[in-house]
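Here is the structure we will look at.
By convention in this document, chain letters (A, B, ...) are assigned in the order of the sequence lines, proteins followed by strands, and residues within each chain are numbered from 1.
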There are 2 protein chains.
Amino acid sequence: MSEPAATPRRGRGRPGYDQATVLRRAIDLFNRKGFDGTSMGDLAEELGLSKSALYYHVPSKTHLLAQALDEALDELTVVIQQAQDEATGTAYERLRSVVRQSVEVLIAHQPAVTLLLRVRGNSEVELAALRRRRGLDTQLAGMVRAAEAEGTVRRDLPPDLVSRLLFGMVNSLVEWYRSEGEVHASVVSNAITTIVFDGLDVRPA
Amino acid sequence: MSEPAATPRRGRGRPGYDQATVLRRAIDLFNRKGFDGTSMGDLAEELGLSKSALYYHVPSKTHLLAQALDEALDELTVVIQQAQDEATGTAYERLRSVVRQSVEVLIAHQPAVTLLLRVRGNSEVELAALRRRRGLDTQLAGMVRAAEAEGTVRRDLPPDLVSRLLFGMVNSLVEWYRSEGEVHASVVSNAITTIVFDGLDVRPA
DNA sequence: GTCTATATCCTGATAGAC
DNA sequence: GTCTATCAGGATATAGAC
């Protein structure tokens with residue numbers, strides 16, 4: 001449990017790695033090759049270290065995963081909590097808002113969220129993350145239900161199904177969106193809300 | 001390359017396993033624990049066999065993966081090819097049709113398609129599958145573009161983005177849909193086409 | 001902070017008896 | 001068709017020198 005400096009050393013001396021950098025590179029590798037498909041040797045090589053030097057910076061492979069999943073879950077929790085706390089406005093407006101903000105979080109924290117969405121429950125850490133995630137999904141479904149009950153969203157589709165499909169579309173972002181690419185986050189979140197709420201059909205304005 | 005019977009033996013004698021059964025159980029396990037997270041020992045245990053007995057039925061772990069990915073890709077290829085060959089009707093109708101039929105294939109071959117959608121390119125087999133899949137995605141994007149060009153689908157959104165989001169929603173089915181569940185395939189495909197083409201907003205009919 | 005060396009276990013796959 | 005036994009390599013993680 002000895003703590004290496006959390007802030008990168010400036011100037012003279014060997015650079016070393018702060019925990020945040022190791023975590024970031026680890027998440028990237030996990031996403032490229034899968035968590036189980038990535039060995040600590042792979043990660044050490046990626047960082048230009050030996051395996052044992054890597055273990056100086058990080059207690060275990062599992063710990064890296066847990067940190068990443070926590071990052072994603074914490075961010076999503078905040079977004080959903082904020083949306084539910086909005087006393088003003090309609091359920092419809094809260095739903096639109098949470099969709100938009102979910103897209104922003106997915107993009108801002110894309111690597112960590114990608115990892116979260118791929119977790120299968122192979123360990124206690126993964127199971128805990130799945131439980132937390134299920135709670136968030138339930139809250140999102142509740143927001144869709146509220147909008148239907150309010151009558152501002154079509155009532156001929158089961159709200160749980162709508163929720164799954166809607167956030168399935170949102171979550172599919174992680175499969176292709178890259179922040180270095182040419183598509184801005186606002187373009188994506190606008191496209192999603194336009195498709196989902198207005199539909200693709202052309203119709204008189 | 002000795003061939004075990006492809007059809008299950010009826011009556012007397014030990015049952016053995018035909019290749020199709022082994023493949024089906026393998027795919028299920030791969031989806032529950034991830035391909036890399038599943039060992040041949042796990043699969044043998046699931047089948048109630050020793051590892052070496054399993055290797056009598058199957059040449060390698062990679063071969064199981066290749067067969068599963070081929071199943072998924074073959075089915076998707078047929079659907080997309082059929083949709084493109086429809087000379088009659090508008091591009092809009094072809095697009096609606098390919099969405100509906102993609103949902104049917106995803107549901108009918110859910111385990112194999114799930115595996116396909118999770119492939120990361122960790123081996124030559126996975127890379128080949130990704131290449132084939134990219135070709136299909138390109139064809140789907142072309143169908144969205146055609147509908148936009150035709151003017152039957154809104155033109156204020158980039159067609160490649162629309163395609164990614166639309167089929168992102170479709171593909172997200174594999175994350176939760178179970179054929180044993182209460183939701184029928186037609187309900188799902190109807191919900192998707194309704195959301196995507198008509199939108200969730202309530203509006204005058 | 002990084003290294004070499006090592007412990008221990010698990011992996012995919014094979015040999016050969018029954 | 002299934003088994004026990006085995007192999008070579010790779011996995012996570014640790015010990016201890018520098």
Taken to the nearest whole Å, CG/A:L54 to P/D:dA11 is 13 Å
Quick note, salt bridge (Lys or Arg N to Asp or Glu O under 4.0 Å) partners involving residues 89-98 of chain A, not counting sequence neighbours, are none
Atom CG of A:L47 and atom C1' of C:dT2 are separated, to the nearest Å, by 13 Å
Rounded to whole Å, the NZ-C1' distance (B:K61 to C:dT14) equals 18 Å
Here the distance between atom P of D:dA13 and atom CG of A:L64, to the nearest Å, is 9 Å
Residues at least two apart in sequence or cross-chain that pass side-chain contact (heavy atoms from CB on, under 4.5 Å) with A:T21, listed by chain then number, are A:Y17, A:D18, A:R24, A:R25
**Prompt:** A:Y56 side chain N/O closer than 4.0 Å to the phosphate oxygens (OP1, OP2) of C:dT2?
**Reply:** no
Which atoms of nucleotides 4-10 of chain D (N or O only) lie under 3.5 Å from a protein N or O atom, and what are those distances?
| unit_1 | atom_1 | unit_2 | atom_2 | d |
| --- | --- | --- | --- | --- |
| D:dT4 | O4 | B:S52 | OG | 2.4 |

Atom CE of A:M40 and atom P of C:dC10 are separated, to the nearest Å, by 18 Å
Sequence neighbours excluded, the answer for side-chain contact (heavy atoms from CB on, under 4.5 Å) partners of A:T138 is none
To the nearest angstrom, the CG-P distance between B:L43 and C:dA13 comes to 12 Å
So, do B:H57 and B:L49 sit near enough that their side-chain heavy atoms are less than 4.5 Å apart?
yes
*asked:* So B:T62, base contact, sugar-phosphate only, or nothing? Heavy-atom distance under 4.0 Å.
replied: nothing
Do any side-chain atoms of residues 183-197 of chain B form donor-acceptor pairs under 3.5 angstrom with protein atoms, and if so which ones, sequence neighbours left out?
| unit_1 | atom_1 | unit_2 | atom_2 | d |
| --- | --- | --- | --- | --- |
| B:H184 | ND1 | B:S186 | N | 3.0 |
| B:H184 | ND1 | B:S186 | OG | 3.0 |
| B:S189 | OG | B:R100 | NE | 3.2 |
| B:T193 | OG1 | B:S189 | O | 2.9 |
| B:T193 | OG1 | B:N190 | O | 3.1 |
| B:T194 | OG1 | B:N190 | O | 2.7 |

So, is B:Y55 close to the C:dA13 phosphate, meaning a side-chain N or O under 4.0 Å from OP1 or OP2? yes
Whole-Å distance, B:D42 CG to D:dA11 P, equals 17 Å
Whole-Å distance, A:D18 CG to C:dT2 P, equals 12 Å
Presence of salt bridge, B:R132 and B:D70, under 4.0 angstrom: yes
Residues passing the salt bridge (Lys or Arg N to Asp or Glu O under 4.0 Å) test with A:D85, sequence neighbours excluded, are none
